[in-house]
Trainee: 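Sharing a structure here in structure tokens format.
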Amino acid sequence: MRILKAKDYLEMSRKAANLIAAQVILKPDCVLGLATGSTPIGLYQQLIQGYQQGNLDFSQVKTANLDEYKGLTRENDQSYYYFMHQNLFKSINVKEENTNIPDGTVADSANECARYDEIIRTLGGVDLQLLGLGHNGHIGFNEPADSFAKGTHCVDLTKSTIEANKRFFASADDVPRQAYTMGIQTIMNARKILVVVNGEAKADIVQKAFFGPVTPQVPASILQFHPDVTLVGDEAALSKINL
Ligand code: F6R
């Protein structure tokens, strides 16, 4: 695993965006696995700048997002569809038909999960998967569990995730209780993985996930077995590991 230390959030965002930019330049029709949450917003801004300055072309890029809340429509400003369009897609030249996000409005979980896995398979898998890290070690919405889930599945969100995400909703009661997420196996099948972390609140989980035992109770710990992981973090998030 490569660990890149940045002095602050802006530098973390720049470094991570440079790695994604390199992927797009080297393989213009690559498949990018994308994440939502607060951590990647800065790197998405950097990618937008790269596009606006004429350095990046997303016209052949395909994307597959990690997850989506179940029950939220695309128009809901808390849906991940909305997030991706607001924070990235509407400002770059990626084609709408080349972007993929689980459809939170499909009630039949088995159908939607099978559809999404098939999309990723048809795309030929993910070249570079971007991940944020939950405070409990979740990646996508793969929450701590007794085993690692494989493909796309519907999860019940844990209390800690509902707590962490309630800041985006009027109250904790408004946070959806379920989500569709890519499974651990799909994530592990990505050719390259890029994890971004910032802030002191992530320092403990960074230490546990990347230097503790590999266990489904800390889903991100499985990344220790991936052959090509780059962790980009600011000093605060990396403060509990020895570099
Ligand atoms: C979102 C996702 C989540 C977040 C994680 C960290 O698509 O997959 O696993 O990456 O909850 O979120 P932030 O970045 O808000 O700390």
Side-chain angles (χ1 to χ4, degrees), residues 6 9-10 12-13 16-17 20 32-46 63-70 72 76-89 99-104 116 120 126 128-145 148-149 152-169 172 175-176 178-184 186-188 190 193-206 208-210 216 218-223 229-234 236-238:
Y9 180 73
L10 179 62
M12 176 208 78
S13 303
I20 296 178
L32 297 178
L34 298 177
T36 60
S38 37
T39 318
I41 291 177
L43 78 87
Y44 290 153
Q45 285 165 359
Q46 297 293 321
T63 68
N65 263 75
L66 280 168
D67 44 15
E68 178 61 285
Y69 285 118
K70 187 172 176 186
L72 297 193
N76 187 307
D77 64 3
Q78 292 310 323
S79 75
Y80 288 170
Y81 178 94
Y82 190 93
F83 176 101
M84 287 312 301
H85 284 75
Q86 285 304 114
N87 287 292
L88 183 64
F89 296 159
T99 66
N100 299 283
I101 303 179
D103 185 346
Y116 203 65
I120 294 170
V126 173
L128 173 65
Q129 178 65 57
L130 173 65
L131 297 174
L133 181 63
H135 292 104
N136 60 4
H138 74 213
I139 45 178
F141 270 129
N142 291 279
E143 301 282 19
F148 291 110
T152 304
H153 56 290
C154 181
V155 285
D156 297 326
L157 304 188
T158 61
K159 264 196 186 144
S160 104
T161 299
I162 292 169
E163 262 313 291
N165 290 3
K166 75 173 188 202
R167 65 192 193 274
F168 301 115
F169 293 83
V175 185
Q178 290 188 310
Y180 289 129
T181 183
M182 266 187 207
I184 292 290
T186 322
I187 294 172
M188 287 295 282
I193 292 187
L194 170 61
V195 189
V196 284
V197 284
N198 76 291
E200 211 187 323
K202 295 279 172 76
D204 281 327
I205 194 62
V206 166
K208 264 198 200 164
F210 296 101
V218 182
S221 64
I222 191 86
L223 299 174
V229 175
T230 306
L231 171 67
V232 184
D234 70 353
L238 301 186

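Just so you know, ligand 1 is whichever comes first in the structure, and atom 1 is the first atom listed for that ligand.
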Trainee: Taking ring-ring contact (aromatic ring centres under 6.0 Å, His included) as the test, write out the residues that go with H135, two or more places apart.
Mentor: none

Trainee: Does only the side chain of T181 get under 4.0 Å from ligand 1, or the backbone, or both, or neither? Count heavy atoms.
Mentor: neither

Trainee: Which ligand 1 atoms are under 4.0 Å away from a heavy-atom of G132?
Mentor: 10 (O)

Trainee: Which is closest to atom 15 (O) of ligand 1 by heavy-atom distance: S38, G137, A35, A220?
Mentor: S38

Trainee: Contact between H135 and ligand 1, counting heavy atoms under 4.0 Å?
Mentor: no

Trainee: Would you mind checking which non-hydrogen protein atom is closest to atom 5 (C) of ligand 1, with the distance to 0.1 Å?
Mentor: H138 NE2, 3.4 Å

Trainee: Note the single closest protein heavy atom to atom 1 (C) of ligand 1, along with its residue, its atom name and the distance in Å.
Mentor: T36 OG1, 3.0 Å

Trainee: Minimum distance, heavy atoms only, to atom 9 (O) of ligand 1: which one of G199, G33, G140 is it?
Mentor: G140

Trainee: Around atom 16 (O) of ligand 1, find the nearest protein heavy atom and jot down its residue, atom name and distance.
Mentor: K202 NZ, 2.7 Å

Trainee: Output the list of atoms in ligand 1 that are nearer than 4.0 Å to some heavy atom of G37, sorted by atom number.
Mentor: 14 (O), 15 (O)

Trainee: Is Q78 reaching over with its side chain to a backbone N or O of F168, donor-acceptor style, under 3.5 angstrom?
Mentor: yes

Trainee: Considering only heavy atoms, which of N136, T39, L66, D67 lies nearest to atom 7 (O) of ligand 1?
Mentor: D67

Trainee: Of the protein's non-hydrogen atoms, which lies at the shortest distance from atom 6 (C) of ligand 1, and what is that distance?
Mentor: L133 O, 3.5 Å

Trainee: Looking only at heavy atoms, is any part of R167 under 4.0 Å from ligand 1, and if so is it the side chain, the backbone, or both, or is it neither?
Mentor: side chain

Trainee: Under 3.5 Å, is there a donor-acceptor pair linking the side chains of T161 and E143?
Mentor: yes

Trainee: Between E68 and T36, does the side chain to side chain contact (heavy atoms under 4.5 Å, CB included) criterion hold? Intermediate values first, please.
Mentor: CA-CA 9 Å; E68 178 61 285; T36 60; over 6 Å; no

Trainee: Between N142 (side chain) and M182 (backbone), is there a donor-acceptor pair under 3.5 Å?
Mentor: yes

Trainee: Could you check whether atom CD of E200 has more than 12 heavy atoms from other residues, nucleotides or ligands sitting under 6.0 Å from it?
Mentor: no

Trainee: Only counting residues at least two apart or in another chain, list the ones meeting ring-ring contact (aromatic ring centres under 6.0 Å, His included) with Y69.
Mentor: Y80, F141, F169

Trainee: May I ask you to decide if T63's main-chain N or O and N100's side chain share a donor-acceptor pair within less than 3.5 Å?
Mentor: yes

